[in-house]
Amino acid sequence: MRQRTRYSKEFKSEAVKLLLIDGNSAQEVSEQLGVPPRLLYAWKSKHLDVLEEHSGELAGTERSPKAMAAELDQLRKELAKQKRMNEILKKTVGYFSNPD
């Protein structure tokens, strides 16, 4: 007869977090953790506290397209600025490391 495996509350919470927050499928999480998918679904229904803890992370996925476009524009501007800064730093390092 096969012995039953007991999982800690922390393990279950992390599994539910992988399922809900990180957006992995039940099959992927099941393969990663070696837990049957039916257990993941049961844990998901019992561990809604994980959902409540990270509600801010999930709320960001239900925004309007206009808000998402504005955020994308802002992120693109920040990325361009960081690329310019990176180029300046590369040139500065090249200038000071050249012994000529």
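Numbers for residues simply follow the sequence, beginning at 1.
- The structure places CG of Leu79 at 10.0 Å from CZ of Arg84, a figure rounded to the nearest 0.5 Å.
- Considering CG of Leu19 and CD of Glu14, their distance stands at 12.5 Å, rounded to 0.5 Å.
- Remark: Thr92 OG1 to Lys90 NZ distance equals 12.0 Å, nearest 0.5 Å.
- In terms of heavy-atom proximity, Trp43 sits nearest to Val35 at CH2-CG1, 3.7 Å.
- Counted within 6.0 Å of OH on Tyr41, heavy atoms from surrounding residues, nucleotides or ligands total 12 or fewer; the atom is thus considered open.
- Screening Gln82, Lys81, Gln74, Arg76 against Glu78 for a side chain to side chain donor-acceptor pair (under 3.5 Å) leaves a single residue, Gln74.
- Minimum heavy-atom separation, Ala15 to Leu40: CB-CD2, 3.8 Å.
- Atom-to-atom distance recorded for Ser30:OG and Arg38:CZ is 10.0 Å, nearest 0.5 angstrom.
- Residues Tyr7 and Lys12 share a closest heavy-atom pair of O-CE, 3.5 Å.
- Separation of atoms CG (Leu39) and CG (Leu33) is listed at 11.0 Å; rounding is to 0.5 Å.
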